[in-house]
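Each remark here refers to the structure printed beneath this line.
Each ligand, and each atom within it, is numbered from 1 in the order the structure gives. Scope of the values below: all heavy atoms of this structure, side chains included, with no hydrogens, waters or symmetry mates. Predicted, not measured: the structure shown is a model, and the values here were computed from it.
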Amino acid sequence: MQNIVEAKNLSYKYNETVAIDNVSFNIKKGNFTALIGPNAGGKSTLLKVLLGILPDGKKIKLFDENITKFKHWHRVGYLSQHNKIFSSKMPISVHEVILMGRVLKEDCCTQNKKTKSKNYLDELLKLLKITSLKNKTFSQLSGGQQQRVLLARALLNKPDLLILDEPESNLDTKSKTSFFEILRKLNCEKNITILLSTHDIYDIGKYASHFLLLDKQLIFDGDRLQFCKSKPVEKYLGAFKQHIIDHIHEENFNHRCPVKKLKKRGAK
Ligand SMILES: Nc1ncnc2c1ncn2[C@@H]1O[C@H](COP(=O)(O)OP(=O)(O)OP(=O)(O)O)[C@@H](O)[C@H]1O
Ligand SMILES: [Mg+2]
């Protein structure tokens, strides 16, 4: 299986503050990886380093290519943790916000032509249940509605890798479940590889196939079965580990996608 992300010995400091320390891991195609860990554990920093937003990029490969040479940014969708990106006075519509996600690099033209298709945009709006919001002003939406719009923006170029930083933080319980179900659908049916940082240790067990536990250093890297058996995870998370495991057990342990849909994997 192809490595979509390869990270080797990543470290990052903000002046004297060590945010991540010597972190290495790989993410394979089709994985749904949950990045968990305490506040200030370095999750957002790690995601930004992977995306080249913060420099320590020499030791990262995306889609088998060193990040310093990587040009296929249309293949990567990103939703950042802090999404207060527009002034409330800015009269920008939902539709316009989504279209801002289009990657305009020269080598991405073929992909852009595809995304120009009105059908795809309509499909996206329908999938995220935001069709009725299309012409509304972005800043007048609720936090949860804004989150869906920004996910649509991240999906506009039909990415193969989706990197999401605490996307559930603004959502109520019902919206959170439906948001995670959308991610599951994208992962299972469109074969999009997902890397998602979260504090939602209750729900994430249902969805994640793999876990990274980060507290500056990587405490754990492995699949859900290894996660359940891991002594370091137990030592680190204590009783919270059981919450995650309880939710993993609600589903068929080996299949986070319904079995009939697994056969369709690979079809885009
Ligand atoms: N722009 C910045 N300037 C200086 N220090 C920063 C900056 N961003 C993060 N840090 C520090 O780096 C460390 C890791 O922060 P980071 O935001 O990556 O953690 P996190 O795991 O995402 O936390 P949370 O769960 O609260 O989102 C923290 O000690 C934080 O104070
Ligand atoms: Mg963060």
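Checked against the 6.0 Å centroid threshold, F220 and F211 do not count as a close aromatic pair.
Looking at ligand 1, you won't find any N or O of G37 less than 3.5 Å from one of its N or O atoms. Residue-to-ligand polar distances place G41 within reach of ligand 1: an N/O pair is separated by less than 3.5 Å. Remark: ligand 1 and V18 share no N or O pair separated by less than 3.5 Å (distance only, no angle test). Considering both main-chain and side-chain atoms, T17 never comes within under 3.5 Å of ligand 1 through any nitrogen or oxygen pair.
For H210, the side chain to side chain contact (heavy atoms under 4.5 Å, CB included) partners two or more places apart in sequence, or in a different chain, are N31, T33, D223. Here E6 pairs with N3, N26, K61, D64 under the side chain to side chain contact (heavy atoms under 4.5 Å, CB included) rule; sequence neighbours left out. Shown here are the side chain to side chain contact (heavy atoms under 4.5 Å, CB included) partners of T137, two or more places apart in sequence or in another chain: S139, Q140.
Within the structure, the closest approach of P38 to ligand 1 falls below 4.0 Å when heavy atoms are considered. Within the structure, ligand 1 lacks K48 among the residues with a heavy atom less than 4.0 angstrom away.
Checked by atom type and distance alone, the side chain of K43 pairs as donor or acceptor with a backbone atom of G37 at under 3.5 Å. Remark: side-chain polar atoms of N66 are not paired, donor with acceptor, to backbone N or O of K69 under 3.5 angstrom. R224 contributes a side-chain N or O that, together with a main-chain N or O of A208, makes up a donor-acceptor pair within less than 3.5 Å.
Within 6.0 Å of NZ in K229 there are 12 or fewer heavy atoms belonging to other residues, nucleotides or ligands. Around NZ of K136, the count of heavy atoms belonging to other residues, nucleotides or ligands within 6.0 Å does not exceed 12.
Residue-ligand proximity, A19 to ligand 1, at heavy-atom distances under 4.0 Å covers atoms 12 (O), 13 (C), 14 (C). Atoms of ligand 1 found under 4.0 Å from any heavy atom of T45, numbered from 1 in the order shown, are 14 (C), 15 (O), 16 (P), 18 (O). Counting the atoms of ligand 1 from 1 in the order shown, those under 4.0 Å from a heavy atom of E166 are 24 (P), 25 (O), 27 (O).
Listed by chain and number, the protein atoms of type N/O/S under 2.8 Å from the Mg ion (ligand 2) are S44 OG, Q81 OE1; waters are omitted.
The option from Q81, K216, K43 that lies nearest to atom 20 (P) of ligand 1, judged by heavy atoms, is K43.
Scanning the protein heavy atoms around atom 1 (N) of ligand 1, the nearest turns out to be Y14 CE2, 3.7 Å. Nearest protein heavy-atom neighbour of atom 14 (C) of ligand 1: A40 O, 3.6 Å. Distance from atom 17 (O) of ligand 1 to its nearest protein heavy atom, with residue and atom name: S44 CB, 3.8 Å. The protein heavy-atom contact nearest to atom 19 (O) of ligand 1 is G42 N, 3.2 Å. Counting protein heavy atoms only, atom 24 (P) of ligand 1 is closest to N39 ND2, 3.6 Å.
Ion pairing between E181 and R184 holds under the 4.0 Å rule for side-chain N and carboxylate O. Between D160 and R75 there is a salt bridge, since a side-chain N of the basic residue sits under 4.0 Å from a carboxylate O of the acidic one.
At a distance under 4.0 Å, no protein heavy atom can be found next to atom 31 (O) of ligand 1.
The only option from I27, I4, D165 that meets the side chain to side chain contact (heavy atoms under 4.5 Å, CB included) definition with L195 turns out to be I27. Put simply, the residue from L155, I163, L161 that forms a side chain to side chain contact (heavy atoms under 4.5 Å, CB included) with P159 is L155.
The closest side-chain heavy-atom distance from K59 to S24 is not below 4.5 Å.
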